[in-house]
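Accompanying notes for the structure given below.
Residue numbers begin at 1 in each chain, while the letters A, B, ... track the order of the sequences. For clarity, every value in this text was computed on a predicted model and none was experimentally measured.
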Amino acid sequence: MRVSEYFLPTLRNDPAEAEIVSHRLMLRAGMIRQESAGIYSWLPLGFRVLKKIEQIVREEQDRIGAHEILMPTIQSADLWRKSGRYDDYGKEMLRIQDRHERDMLFGPTNEEMITDIFAEHAKSYKDAPLAMYHIQWKFRDEVRPRYGVMRGREFLMKDAYTFDLDAESGRHAYNKQFIAYLRTYARMGLTAIPMAADTGPIGGDLSHEFIILAATGESKVWCDQALLDFDLTNADVDLGDRAAVQGLIDQLTAPYAATDEQHDQDAFESAVPEERRVAEKGIEVGHIFFFGDKYSKPLDAYLDTKDGARVPVQMGSYGVGVSRLAGAIIEASHDEAGIIWPEAVAPFKAALINLRQGDDGCDAVCEDLYTKLQAAGVEAIYDDRDERAGVKFSDMDLIGAPWQIIVGPKGVKAGIVELKRRADGERDELSAEAALAKLSA
RNA sequence: CGGGGUGUGGCGCAGUCUGGUAGCGCAUCUGCUUUGGGAGCAGAGGGUCGUUGGUUCGAAUCCAGCCGCCCCGACCA
């Protein structure tokens, strides 16, 4: 992408309304624009990141056998009256009427709808187990939206739902999601800690939330360092083997982990040796629930068993705040100059900086490199604007591509370019070919 | 929902107390000079001062209502 042809409205000053760092940086980097309280447009740069995050979430859901669907944002009130949540949900639910004065709502979540979908077609034990998910915009009319996309009213969420014949099988579905969640966050360069959680208004008896560590996080967390050291991406477990999966879950839930509400300092100190005690702040980026027949009974989702009985399907639901993650990742990874994207979610892997636009030598090297980067499949943003070096450095640091290739007149004469790693500022001087080879590797 | 703040060109702000017809920095456009960390000079364009009503010869400024947005708390992906 050429910056000269892109829509990248970076800001030099912090917008007054943005308090926390991710909100400030997202606005300054031209990722989002606020439309009203808690509602944002995603501009080209931000949208690229959102899509990257979404894709990782999608791949990990697919990997555990969940099927992607897409349900509407607008739902009928009748469905919610059946579950009783039309009244229970309160003012957080945005209620609307269509032209026939039928009660509708902008979905805050989709348990009712998907249960209804499942119930219509699934009739026997042969139809379970089943897992489906969608990635769709939700609306929750928060009392106080804040912190940019971290607590928006309209937000993008992945919500998955599992359907099983019995609780044991349901537990296995829950466990697979648990593993998928940890893998999802790990792939984004995040350390996520699973915490036993309250089930809240969704109900049920088994629930975990996933918290990523960030100094600016909202909640305090205490846990055993062992949880941070555990490398799940290397844990090669057969997802079909219930006992093996349960073993892994037991291993991941055994160490101490708690947020403010449940934290018990004495228990923490007796359970965790001093050198392994972690007390930090975090951001909730996912929440999973197993709630059995809470929705299947009222919405009439029953399955015939082999021996002719009729049982309510056992369900779980699993949410990931996709748009929130964009902010959360920035909270976890930035410096004074701007965002430092983990490679997996970076809008561009490399920023090609031409320090002397219009200089024949610099232009030639940059154009050649840009073409070759594209050919090699390296997502690059080429700052080809007629701007001073300082402006380009600042903007490219701000938008946070993991790598910068800096091409200046002196280097061009000597046959070298500079490769700078955004995270730590480390620079290498090398030939353009070598830089290309390193980035394509 | 309680408490506190705020609204003035795209962004950041001054002006409001003490009423006299809108200003600064950055950004934008033009020209020249510059060119490895947000350049210099010269010129130009851009604002119903959130909104409605009131007071007044005259309102960004005073008064009243409404709206938007932000922060703190209680509540949440």
Exercise. Are A/F393 and B/G36 stacked, counting the six-membered base ring, centres under 5.5 Å, planes under 30°?
Worked result: no
For this session: Tell me whether the guanidinium CZ or amine NZ of A/R81 lies under 6.0 angstrom from the six-membered ring centre of A/Y86 and within 45° of its axis.
Result: yes
Problem set entry | Protein-nucleotide distance (A/K158, atom NZ; B/A77, atom C1'), rounded to Å | 11 Å
Exercise. Hey, does A/R153 reach any base, or is it just sugar-phosphate, or nothing, if we go heavy atoms under 4.0 Å?
Worked result: nothing
Problem set entry | Watson-Crick/G-U partner (both atom distances under 3.5 Å) of B/G36 | none
For this session: Give one of base, sugar-phosphate or nothing for A/S36, where a contact means two heavy atoms less than 4.0 Å apart.
Result: sugar-phosphate
For this session: Provide the distance between the two P atoms, one in B/C41 and one in B/C72, to the nearest whole Å.
Result: 41 Å
Exercise. On a plain distance test, is the side chain of A/R146 in donor-acceptor contact with the base of B/G73 below 3.5 Å?
Worked result: no
Exercise. A/D159 and A/Y161: side-chain donor and acceptor closer than 3.5 Å?
Worked result: yes
For this session: Remember a base hit wins even if backbone is also touched, and classify A/E418 as base, sugar-phosphate or nothing at under 4.0 Å, heavy atoms.
Result: base
Problem set entry | Nearest-nucleotide 5' precedence on RNA chain B, A/V322 against A/G148 | A/G148
For this session: Quickly work out the A/N354 CG to B/G37 P distance and round it to whole Å.
Result: 15 Å
Exercise. Between A/H208 (NE2) and B/A77 (C1'), how many Å, whole number?
Worked result: 17 Å
Problem set entry | Spacing of A/L8 atom CG relative to B/U28 atom P, expressed in whole Å | 13 Å
Exercise. Taking atom types as modelled, is there a side-chain donor on A/H287 or A/S207 under 3.5 Å from an acceptor on the other?
Worked result: yes
For this session: Check the distance between B/C71's P and A/M150's CE and give it to me in whole angstrom.
Result: 12 Å
For this session: Establish, with yes or no, whether the OP1 or OP2 oxygen of B/C72 is under 4.0 angstrom from a side-chain nitrogen or oxygen of A/Y147.
Result: yes
Exercise. So what does A/D397 hit on the nucleic acid, given a heavy-atom distance under 4.0 Å: a base, only sugar-phosphate, or nothing?
Worked result: base
For this session: Would you check if there is a donor-acceptor pair between the side chains of A/H263 and A/Y256 at a distance under 3.5 Å?
Result: yes
Exercise. For A/A37 and A/K410, take the nucleotide of RNA chain B holding the closest heavy atom to each; which residue's nucleotide lies nearer the 5' end?
Worked result: A/K410
Exercise. Salt bridge check: are A/E59 and A/R63 linked by an N-O gap of less than 4.0 Å?
Worked result: no
For this session: Quote, to the nearest angstrom, the C1' distance that separates B/A60 from B/G9.
Result: 14 Å
Seminar exercise, completed: Any strand, both distances under 3.5 Å, Watson-Crick or G-U wobble: B/G7 pairs with B/C67
Exercise. Could A/E142 and A/K91 be called an ion pair, given the rule that one side-chain N must be under 4.0 Å from one carboxylate O?
Worked result: no
Exercise. Has A/R144 got a side-chain N or O lying under 4.0 Å from the OP1 or OP2 atom of B/C1?
Worked result: no
Mind listing the N/O atom pairs, protein and nucleotides 9-11 of chain B, below 3.5 Å?
residue: B/C11; atom: O2; partner: A/N13; partner atom: ND2; Å: 3.3

For this session: Just call it for A/G408: base, sugar-phosphate, or nothing, with non-hydrogen atoms closer than 4.0 Å on any strand.
Result: base
Exercise. A/G358 near the nucleic acid: base, sugar-phosphate alone, or nothing, with a heavy-atom cut-off under 4.0 Å?
Worked result: nothing
Exercise. Just how far, in rounded Å, is C1' of B/G36 from CG of A/D383?
Worked result: 14 Å
Problem set entry | Residue list, salt bridge (charged side-chain N to carboxylate O under 4.0 Å, His left out) with A/E343, at least two apart or on another chain | A/K349
Problem set entry | Salt-bridge criterion met for A/E111 and A/R85 (N-O under 4.0 Å) | yes
Problem set entry | Pairwise P distance for B/C29 and B/C13, with rounding to whole Å | 24 Å
Exercise. If the P atom of B/C11 is compared with that of B/A27, how far apart are they to the nearest Å?
Worked result: 15 Å
Problem set entry | Contact under 4.0 Å: A/K91 side-chain N or O vs B/C1 OP1/OP2 | yes
Problem set entry | ring pair (Phe, Tyr, Trp, His ring centres under 6.0 Å) against A/F393, all qualifying residues, sequence neighbours excluded | none
Exercise. Salt-bridged, A/R385 to A/D395, with N to O below 4.0 Å?
Worked result: yes
Under 3.5 Å, N/O pairs linking protein and nucleotides 42-49 of chain B:
none

Exercise. Taking CD from A/E142 and P from B/A77, how many angstroms apart are they, rounded to a whole number?
Worked result: 9 Å
Exercise. Do the two ring centres, one from A/W137 and one from A/F155, sit under 6.0 Å apart?
Worked result: no
Exercise. Just how far is it from atom CD1 of A/I20 to atom CE of A/M26, taken to the nearest 0.5 Å?
Worked result: 10.0 Å
Exercise. Across all strands, who's sitting opposite B/C57 as a Watson-Crick or G-U wobble pair, both distances under 3.5 Å?
Worked result: B/G20
Exercise. How long is the line joining NZ of A/K392 and P of B/G37, in whole Å?
Worked result: 13 Å
Exercise. For the residue pair A/P15 and A/R28, what are the closest heavy atoms and their distance?
Worked result: CD-CG, 4.0 Å
Exercise. Taking the C1' atom of each, how far is B/U61 from B/G50, in whole Å?
Worked result: 16 Å
Problem set entry | OG-CD distance between A/S83 and A/E112, expressed to the nearest 0.5 angstrom | 3.5 Å
Exercise. When the C1' atoms of B/G73 and B/G47 are considered, how many whole Å apart are they?
Worked result: 37 Å
For this session: Give a yes or no on this: more than 12 heavy atoms of other residues, nucleotides or ligands lie within 6.0 Å of atom CZ of A/F47.
Result: no
Exercise. Per the atom types in the model, does the base of B/G36 pair as donor or acceptor with the side chain of A/K420 at under 3.5 Å?
Worked result: no
Problem set entry | Distance, C1' atom - from B/G46 to B/G10, rounded to whole angstrom | 10 Å
Problem set entry | Span that lies between the C1' atom of B/G2 and that of B/G45, in whole angstrom | 47 Å
For this session: Measure from the ring center of A/F210 to the ring center of A/F178 and say whether it is less than 6.0 Å.
Result: yes
For this session: Could you check which nucleotide pairs with B/U30 in any of the strands shown, counting Watson-Crick or G-U wobble with both distances under 3.5 Å?
Result: B/A42
Contacts under 3.5 Å, N or O only, protein and nucleotides 33-35 of chain B:
residue: B/U34; atom: O2; partner: A/R388; partner atom: NH1; Å: 2.8
residue: B/U35; atom: O2'; partner: A/R356; partner atom: NE; Å: 2.6
residue: B/U35; atom: O2'; partner: A/R356; partner atom: NH2; Å: 3.0

Exercise. Between A/E379 and A/R48, does at least one N-O distance fall below 4.0 Å, as a salt bridge requires?
Worked result: yes
For this session: Mind running a 4.0 Å heavy-atom check of residues 47-70 of chain A against RNA chain B and sending the residues that fall below it, in number order?
Result: none
Seminar exercise, completed: B/C1 -> Watson-Crick or G-U wobble partner, both distances under 3.5 Å, gives B/G73
